[in-house]
Structures are given as C-alpha cells and as structure tokens.
Amino acid sequence: MTPEARLGELVRLRLGRHDTRRGFLKTALAGAAVASASTACDGAGVEKLLSKHYLKLTDEDKRKLFARIEAEVLARSGVRVTVGDPQPMAGVEFVHALDLSLCNGNRRCVEACARENNLPDDIRYLRVVEVDAGTLELANAEHAYDPELVPRSGKNYLPVQCQQCKKPPCVDACPVKATWVEPDGIVVVDYDWCIGCRYCQAACPYYARRFNFREPSIEPSRINPDQAYLSNRIRPAGVVEKCTYCLHRTRRGRYPACLEACPTGARKFGNINDENSEVRRMLERKRTYVLKEELGTVPRFFYFFG
Amino acid sequence: MTRSSCLLALLCASGCNQGIEPMKRDFADPPPASSVVMVEDHPALIPTFPCSSCHADREPDPRPRKLVEYHTPKNGFDHGTKDGWCYRCHSLENIDRLRTTLGTPVAFSDPQDLCGSCHGDKLIDWKAGLHGLNRGSWNGPKLRQSCTFCHDPHKPAFEPMVPERPPDVLGERT
C-alpha cells in the first residue's frame with residue numbers, strides 16, 4: 001500500500017469518509033478553527049483552556065475540576081462516575097512481572113484492561129504478540145494472530161504494555177511536561193495538559209502509547225464509574241494515553257485488572273521495596289528479562305520463565 | 001512587537017510554558033506488610049465426593065483395570081505416565097485421603113502437598129506466590145488457590161482457549 005493510499009484508508013476508517021491528504025488537512029484545520037472558536041465562547045471551555053498542570057493544582061482546584069469532569073460525563077452519557085485522585089504510597093515502587101511459560105495468548109488481559117480503563121473499541125493499551133517458540137524476536141512478531149484456539153504449537157506469546165521505565169524516553173520527548181514519572185514509578189499523563197503532538201508516542205520503543213483520533217465513544221453500560229484523574233477517566237479526543245498500572249486500583253491496594261483477568265495466573269504485581277512481595281521474590285529467584293534492555297530505559301516490567 | 005514575541009506573550013498569558021517543577025507531594029500511608037496469605041477452600045470436584053460414600057463397605061481392588069462407571073473423569077485421564085492408576089495418588093488404606101509419592105497421607109483440601117511430591121519446583125513457586133492466580137490485595141491479605149482450582153488433577157494441562165479479538169493493526173504497522 002502506498003503511503004497516500006494508506007492515509008486515505010486511515011482517514012476513511014477514523015473519520016468515516018473518503019478524502020485526500022489535502023482535503024484531510026483542510027478539514028482538520030477548519031475543524032480546529034471552529035472548535036477553538038466554540039470552546040472560547042462557553043465558560044467551561046475557557047476554564048479548560050486556563051486550567052493548571054496537575055502538579056500545580058490545589059485541593060480546591062482538584063475538587064472543582066473533578067466535579068466538572070463528573071458533570072460532563074453525566075451530561076454526555078448519563079452515567080454517574082467518581083473521579084478520584086489516589087496518591088502514591090510512601091516507600092512503594094510498583095513492578096509488574098509476567099511468566100512467559102504460562103501465557104497462552106488468550107488476550108483476556110487486553111479486554112479486561114479495556115473495560116477497566118474505559119477504552120473505545122479502537123484503542124487497546126495491551127498487545128499480546130505471537131513469537132516463534134524459543135525466541136523473543138519482536139521484529140517478526142505477529143500482532144493480529146487470530147486462530148480458533150490458542151496456543152498454537154511452536155509459538156510463544158508475549159504481552160507488551162507500558163513498561164513504566166525508570167528512564168522513560170517518552171517523558172524526555174514531551175515538550176510541555178504533560179507526562180512524568182510519579183514517585184511510585186508509574187508514568188502518567190495529564191490529559192488536560194497534553195497538546196497531542198505525539199512526540200512521546202514516537203519516542204516510546206515499546207509501542208505503549210495510544211492516540212485518541214476521535215472523541216471516544218463507549219457504551220454507557222460499559223463505562224467504569226470508578227475513575228481517577230491520572231488514569232482511567234474518559235479521555236478527550238486528541239490526547240495520548242497509556243497503561244497506568246491501573247493506579248486507581250493499585251494505589252488502593254488492589255491488583256491491576258489485567259492480572260485478575262489472566263486465567264493462567266501469568267501476571268505478578270507488587271511493591272519491589274517489600275521483601276515479602278511476589279515481585280521481589282521473583283527477582284530474587286528467577287532469571288528475568290526486560291524488553292530492549294540495550295536501550296537503557298530500565299523498565300519496571302519483567303518477564304520470566306516460571 | 002514582532003509576531004513571534006506576540007505569540008510568546010500569548011503563550012505566557014495562557015500559562016502553557018509555566019515551569020513544572022516536582023512539587024512536594026502528600027503521600028498516602030505506607031502499605032502494611034504483604035505476607036498474610038490464606039488458602040481458599042474449594043468445592044468437591046465430583047458429585048460423588050466423598051469417595052467413602054460408596055467405598056466404605058467395599059474391599060479396595062488395587063489391580064489396574066478399565067473403569068466404566070462413576071469414575072470416568074470428565075475430560076479423560078492424561079497425567080504423567082500412561083500406566084497411571086487411582087492408587088498412585090489416592091490412598092489405598094483410607095479412600096478419603098490422597099497419598100504422596102512416598103505414601104504420606106494428604107487431605108483432599110491440601111492437594112498441593114501431593115502435587116508437590118512430584119512437582120516440587122512448582123510447589124516452591126506457589127508458596128512464594130509465583131505460581132497460580134493471585135487474589136486479594138498486593139499489600140494486604142491474599143487469597144491463594146490450591147492446584148486443583150485451576151488444574152484438573154486427572155488432566156492437568158490447560159485446555160486450549162478461544163482468544164479475544166485481534167487488535168486493529170491497519171495503519172499502525174507497515
């Protein structure tokens with residue numbers, strides 16, 4: 001497929017119409033102009049435009065902001081949600097581990113994540129790739145495998161998601177500091193601060209970030225009402241989002257949704273500073289792997305063979 | 001005023017480039033120790049449990065033979081060598097007990113002691129929380145399930161599963 005044809009196909013898919021690149025840009029620019037004019041007119045739009053970075057918000061700001069988001073969701077979809085702001089716990093650094101000998105590629109984690117994090121149908125934070133058994137060769141991995149039953153013989157399955165790096169290239173790439181590493185190691189995005197330039201997406205070597213090409217449409221009955229400002233609240237169009245280790249759950253002591261959904265128990269999660277945690281024991285006893293170690297990103301996501 | 005300085009002034013006014021310094025954060029309370037573990041009880045695997053409901057008045061017959069009634073496991077038998085027979089794992093002396101490879105009696109509620117007598121590495125991992133499903137809380141009480149929650153003891157390998165739908169990769173990879 002030529003780049004031109006691919007772009008045309010993408011525009012058709014994402015925006016629901018045939019168009020050329022020129023036409024696409026024209027529409028996009030005109031749309032942007034109209035959108036900015038209309039947001040400038042209504043009060044909430046101005047408020048949004050002048051809102052502060054998450055790290056600058058006072059408790060009072062947060063209260064107002066979260067109430068506004070809750071009201072917006074209620075008006076749009078009729079669902080009463082709670083937007084919370086759980087804080088990192090002192091002395092906690094989250095680590096996720098995955099036993100590759102148990103993963104059979106059933107993608108239950110992918111769908112559980114989508115429901116937990118209010119993802120529209122075209123966005124998934126997790127991707128399970130199919131690799132030849134005995135290799136972790138990502139370059140030749142199959143992303144869209146779709147046999148009747150998994151696992152296929154001669155194949156291994158490798159779930160990939162945000163690795164919550166200690167030295168994240170995505171954070172360095174962000175020109176407006178809309179994404180940063182939290183004290184507990186989770187890399188978060190302030191969706192209201194993100195300008196949608198997608199530099200972070202290009203910088204991430206794990207293909208962990210996703211872009212909202214359009215206003216996310218989620219069936220009201222599937223909206224998870226337990227939301228947090230930095231994780232699973234419904235994102236606006238035109239911003240980048242990613243896995244946050246379900247911080248609205250994990251900062252309250254629960255396991256991430258992907259872990260609880262895994263029927264083979266391949267996922268382990270916990271505080272690396274706690275010597276009784278599963279992940280600490282995993283690191284002490286197992287031979288572990290990280291993806292693309294040579295890049296020096298220092299992931300907080302480990303793979304092992306149990 | 002040049003155009004670029006206008007733009008800069010506008011940006012400053014709207015607060016786009018305000019310096020984002022790491023602020024002093026209020027941390028939540030540190031988590032309690034994560035060592036509390038409970039093993040979940042689980043229901044009987046077959047409707048005729050306990051075995052003594054039929055076997056109490058019968059002499060045990062240790063000869064391997066083909067069983068046609070009541071004993072036929074739902075998924076067939078495929079565990080270890082093909083000459084496997086009931087009394088490799090079920091106790092001949094007390095039909096309501098299991099036995100390890102060394103003959104130590106094991107209660108049905110603690111199958112891990114039996115399974116671990118062959119799969120010792122898995123037992124060690126299970127005790128450390130590295131094998132099996134984790135339920136509960138990463139920093140609080142955990143619920144651990146024993147082997148037979150997930151594995152059919154007569155056919156312990158996982159059945160193949162129907163995968164969820166593949167991702168829409170069009171346009172994302174060339």
Side-chain angles (χ1 to χ4, degrees), chain A residues 1 6 9-10 13 49-50 52-53 55-56 86-92 99 104-108 110-111 121-122 124 127 143-151 176-177 180 183 195 207 250-251 253-255 259-260 262-265 267-271 274 276-278 281-282 285-286 306, chain B residues 11 13-37 121-122 124-142 144-145 149-151 157-174:
Chain A
M1 207 184 256
R6 209 179 105 221
E9 180 71 353
L10 264 180
L13 269 178
L49 202 65
L50 298 179
K52 295 184 206 160
H53 188 280
L55 291 174
K56 295 270 183 190
Q87 292 301 304
M89 296 176 180
V92 170
D99 186 344
N104 64 5
N106 59 63
R107 294 203 186 98
R108 300 288 186 274
V110 179
E111 294 308 311
D121 277 350
D122 50 354
R124 291 291 179 266
R127 176 154 301 179
H143 291 224
Y145 66 87
D146 194 20
E148 267 174 34
L149 292 172
V150 286
V176 295
K177 298 186 181 176
W180 66 94
I195 57 171
Y207 184 56
T250 50
R251 283 185 180 171
R254 297 172 70 193
Y255 283 116
L259 182 147
E260 289 194 349
C262 179
T264 63
R267 290 170 176 271
K268 307 293 159 208
F269 181 85
N271 174 15
D274 173 4
N276 289 317
S277 68
E278 294 112 17
R281 290 178 182 152
M282 180 276 306
R285 296 174 188 201
K286 299 290 178 185
Chain B
L11 275 174
S14 65
C16 272
N17 66 342
Q18 67 188 75
I20 312 299
E21 296 307 321
M23 302 240 319
K24 192 178 161 291
R25 297 283 292 271
D26 294 327
F27 287 96
D29 290 336
S34 64
S35 54
V36 192
V37 173
D121 56 334
K122 290 287 177 272
I124 291 169
D125 279 358
W126 180 80
K127 284 183 174 168
L130 297 181
H131 182 92
L133 302 176
N134 287 335
R135 292 284 177 269
S137 164
W138 61 264
N139 63 351
K142 295 177 205 308
R144 197 157 291 162
Q145 297 175 327
F149 264 90
C150 305
H151 299 280
F158 272 54
E159 295 290 323
M161 295 179 190
V162 179
E164 301 283 347
R165 69 176 182 84
D168 167 25
V169 292
L170 183 70
E172 292 173 346
R173 293 162 73 224
T174 45

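These figures come from a predicted structure and were not determined experimentally. Below, read A as the first sequence line, B as the second, and so on, with proteins coming before strands; counting in each chain starts at 1.
- Using a 4.5 Å cut-off between heavy atoms, Arg267(A) contacts chain B through its backbone alone, with no side-chain atom that close.
- Residue contact with chain B, scored on non-hydrogen atoms closer than 4.5 Å, involves the backbone and the side chain of Val150(A) alike.
- Taking all atoms of both residues into account, the shortest heavy-atom contact from Arg285(A) to Ala128(B) is NH1-CB, 3.2 Å.
- The shortest side-chain heavy-atom distance between Met161(B) and Pro263(A) falls under the 4.5 Å cut-off.
- At a threshold of 4.0 Å, the pair Glu260(A)-Arg135(B) does not count as salt-bridged, since none of the basic side-chain nitrogens sits closer than that to a carboxylate oxygen.
- Chain B forms more heavy-atom pairs under 4.5 Å with one residue of Pro86(A), Pro88(A), Pro147(A) than with any other, namely Pro88(A).
- Taking both residues in full, the closest heavy atoms of Pro160(B) and Pro151(A) are given as CA-CD, 4.4 Å, listed atom of the first, atom of the second, then distance.
- You'll find the side chain of Arg107(A) reaches within 4.5 Å of the side chain of Pro167(B), heavy atoms only.
- Within the 4.5 Å cutoff, the side chain of Leu149(A) has heavy atoms near those of the Val162(B) side chain.
- Of the two parts of Asn134(B), the backbone and the side chain both hold a non-hydrogen atom closer than 4.5 Å to a non-hydrogen atom of chain A.
- Evaluation of the salt bridge (Lys or Arg N to Asp or Glu O under 4.0 Å) rule for Arg254(A) yields no partner, not counting sequence neighbours.
- Shown here for Pro163(B) and Gly105(A), the closest heavy-atom pair between the two residues is CB-O, 3.9 Å.
- For the atom pair OG1 of Thr264(A) and NE2 of His131(B), the computed distance is 9.5 Å after rounding to the nearest 0.5 Å.
- Side-chain contact between Val92(A) and Trp138(B) is present, with at least one heavy-atom pair separated by less than 4.5 Å.
- Put simply, the side chain of Arg281(A) does not reach to within 4.5 Å of the side chain of Asp125(B), judged on heavy atoms.
- Highest contact tally toward chain B, considering only Asn106(A), Asp121(A), Leu259(A), is held by Asn106(A) [criterion: heavy-atom pairs under 4.5 Å].
- Contact of the Leu130(B) side chain with the Lys286(A) side chain is registered, since non-hydrogen atoms from C-beta on lie closer than 4.5 Å.
- Residues passing the side-chain hydrogen bond (donor to acceptor under 3.5 Å, both in side chains) test with Lys122(B), sequence neighbours excluded: none.
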